[in-house]
Every structure is written in C-alpha cells, then in structure tokens.
Amino acid sequence: MTSTSSSDSPQQQAAAELAQRHTQQQRGERLPLSLRPGSIEDALQIQVLVPSLSGETIAGWKCGIPSDGRVVLAPIFASRVFKNDSSISLLPLHGMARIEPELAFVLGQDLPPREAAYGMQDVDQAVSACHIALELIGSRYLEPETAEYTEHLADGLYNQGCVLGPQLASDYLGNEPSLINIEIQTQAQTIQQLRGEHPAGFPRQPLYWLAEFLRSQGMGLRQGQFVITGSYAGSPDVPLHVPVSVRFGKLGVMQLQFKPR
C-alpha cells in the first residue's frame, strides 16, 4: 500500500490511493469528499502524481478536443501497453471487455517544454509512424457512473491500457482517414459492424492540442511515446475468453483475446 502522512496535501493523498488501485488493478469506492478534486487544476495535479507513486513509466497519452470547458487527456502506463495477437487481462465491465478503436501516433522525436508554441508543422515533423490501436476502457471506481468529471480526470479518464496493432502503410501517414468501417468478429460470427467516424474529423487534431497543452504546463512528449486521439466507433463491448478480431477497414486487422483479471 502506498503510504501517506497527515502532512501530505489532499492531491497527494488522492494520488496515492489511485496509484495503489492502478498497481493492484483493483477498483474502489469514490475518494472521500475531502480528497476529491474540486477543479480541473486539482484533478491534473493528482493525475501527474499517480505515475511516479505507482512506479509507472508513461508510454503514451490519450487525448481529445476540449469541449464544454473540459480538457481530455490522460497518461497511458507502459505496463498496460499490449501488442497485437496478445492475450490481455483486464477489469471487465458487466462481464465484457470494453474497447475503443483508435489510431496511435508514434513520436520519432521529442516535443519538450519550451517558450515558443508548437504549431501543426512542428508536430507533424515529430510523428514517425501511425498504428491502428484499441484503448482498453475501465475505471478505478466501483460505480464510475456516480463520479464527476474531475474525479475521472484525476483517474485517467477511463483508461486501463492500450493495444497497439499493425502500423499503417506509409501512404496513410499524414493523411489518416476520418472515416473507417469497423468490424468486430469472433471465430463464430460477426458481432458488430460499425460505420466509424473520428470525433475530431482530422485524427491528428487532438494531438496538436495535446502537444501545445503539455508545453503550456511545463511538460512535453518524448520520442517513442504514442498518442491516441479518439474512438472511431464509441465504446463497444466484446466477449471474454474467445478470440476476437477487429478490422479497421482497409487499414488492418487486430487479433486478440481478453480475460478477466
């Protein structure tokens, strides 16, 4: 258990509790009222503390375009990044695995903190590859529907990992599609056919926002990290214990199997 003391700030105490849940891959009740973040700034302070308190390395980020005064970003931990053709343990939701089909942009160079703002060209030059990917959806709260946005922001906005699939052909790099048909199959049948549309329109748009937001916070993105930027098809549920394939139109196919932790 992560230790805290009475001299620790509420943000430190909250981060310690969430870090323990990350490490043990467990859920718990909502944080006590005294530890719940009261603002976006509080939530981000907690979010920043969780990786170091849980001994995690940040392998990537999830992000989206801010709306209604809410920012959308969270780190993805290295211990929860999987490759295609994997058997993946996770915390199921209602007896199913919940996934989001996305694109993952891999950075070939750092985008460190600096005084000058990052423009689109700066970010484009830093992107070295793009993969199809699946975000694994889950929460460290037993009843996430009862928690508020700032509580989820502190906890990583429902992220419990990411699966990186095949790399896109070079023809697509810089011209990633906004529309992709998503087909989910088991060995027995096609279980879902979805007409996918990226929520930001242009899939890189949230990445541009993230690079500039992290710069403004004195943070940055590092070479080798990846960034996912939003689901093409909501958050479909898929069965456990059986091989599942997820086809991203002409971009590629992911093969994997989920099991409960």
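Starting from 1, each residue takes its place in the sequence as its number. Computed from a predicted structure; not experimentally measured.
At least one cation-pi condition fails for Arg261 and Phe258: the charged atom is not both under 6.0 angstrom from the six-membered ring centre and inside a 45 degree cone around its axis.
In this structure, a donor-acceptor pair under 3.5 Å is absent between the side chains of Asn84 and Gln255. Between Asn159 and Glu135, the side chains place a donor N or O and an acceptor N or O closer than 3.5 Å (distance only, hydrogens not considered). Neither side chain, Glu197 nor Ser178, offers a donor N or O lying under 3.5 Å from an acceptor on the other. Residues Gln257 and Ser87 bring no donor and acceptor atom of their side chains to less than 3.5 Å of each other. Judged by distance alone, the side chains of Gln109 and Gln223 never bring a donor and an acceptor atom under 3.5 Å apart.
Transitive grouping of hydrophobic side chains (ILVMFWY, heavy atoms separated by less than 4.5 Å) brings Leu73 and Ile58 into a common cluster. Connection of Leu107 to Phe105 is established within a shared hydrophobic cluster, with ILVMFWY side chains joined at heavy-atom distances below 4.5 Å, either directly or through further cluster members. Side-chain heavy atoms closer than 4.5 Å link hydrophobic residues (I, L, V, M, F, W, Y) into clusters, and following such links, possibly through other members, connects Val127 to Tyr208. Under a hydrophobic-cluster definition in which Ile, Leu, Val, Met, Phe, Trp and Tyr are linked whenever side-chain heavy atoms come within less than 4.5 Å, directly or via other members, Val71 and Tyr158 are assigned to different clusters. Residues Leu168 and Leu179 do not share a hydrophobic cluster, defined by chaining ILVMFWY side chains whose heavy atoms lie under 4.5 Å apart.
Glu183 is not listed as a side-chain neighbour of Phe248, based on a closest heavy-atom distance of 4.5 Å or more. The closest side-chain heavy-atom distance from Cys63 to Val227 is below 4.5 Å.
The 12-atom threshold is exceeded at CD of Glu145, counting heavy atoms of other residues, nucleotides or ligands nearer than 6.0 Å. For Glu29, the CD atom sits in a loose shell: 12 or fewer heavy atoms of surrounding residues, nucleotides or ligands are nearer than 6.0 Å.
Salt bridge present: Asp122 and Arg114 bring a charged side-chain N and a carboxylate O closer than 4.0 Å. Salt bridge status for Arg222 with Asp110: absent, with no side-chain N to carboxylate O gap under 4.0 Å.
Nearest heavy-atom pair across Ala59 and Ala78 is CB-CA, 3.7 Å.
Of the inter-residue distances, the one linking Thr23 atom OG1 with Leu53 atom CG reads 9.0 Å to the nearest 0.5 angstrom. Remark: Arg140 CZ to Arg21 CZ distance equals 9.5 Å, nearest 0.5 Å. Taken to the nearest 0.5 Å, the CZ atom of Phe213 stands 15.5 Å off from the OH atom of Tyr118. For the atom pair CD1 of Ile99 and CG of Leu134, the computed distance is 5.0 Å after rounding to the nearest 0.5 Å. Atom CZ of residue Phe82 and atom CG of residue Leu256 lie 10.5 Å apart, to the nearest 0.5 angstrom. Annotation: the span from Arg204 atom CZ to Leu210 atom CG amounts to 14.0 Å, rounded to 0.5 Å.
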(request) Under the ring pair (Phe, Tyr, Trp, His ring centres under 6.0 Å) rule, what do Phe226 and His131 come out as? Steps first, then yes or no, please. (result) CA-CA 9 Å; Phe226 65 89; His131 295 247; 8.7 Å; no
(request) Kindly indicate, with the supporting measurements, whether the criterion side chain to side chain donor-acceptor pair (under 3.5 Å) is fulfilled by Asp42 and Gln11. (result) CA-CA 7 Å; Asp42 287 345; Gln11 291 83 7; 3.1 Å; yes
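A donor-acceptor distance shorter than 3.5 angstrom exists from the side chain of Arg80 to the backbone of Gln160, with no hydrogens or angles considered. With hydrogens and angles ignored, the 3.5 Å screen pairs a side-chain donor or acceptor of Thr150 with a backbone N or O of Pro37.
For the side-chain hydrogen bond (donor to acceptor under 3.5 Å, both in side chains) test with Thr229, the passing option among Lys62, His198, Glu102 is His198; the others fail.
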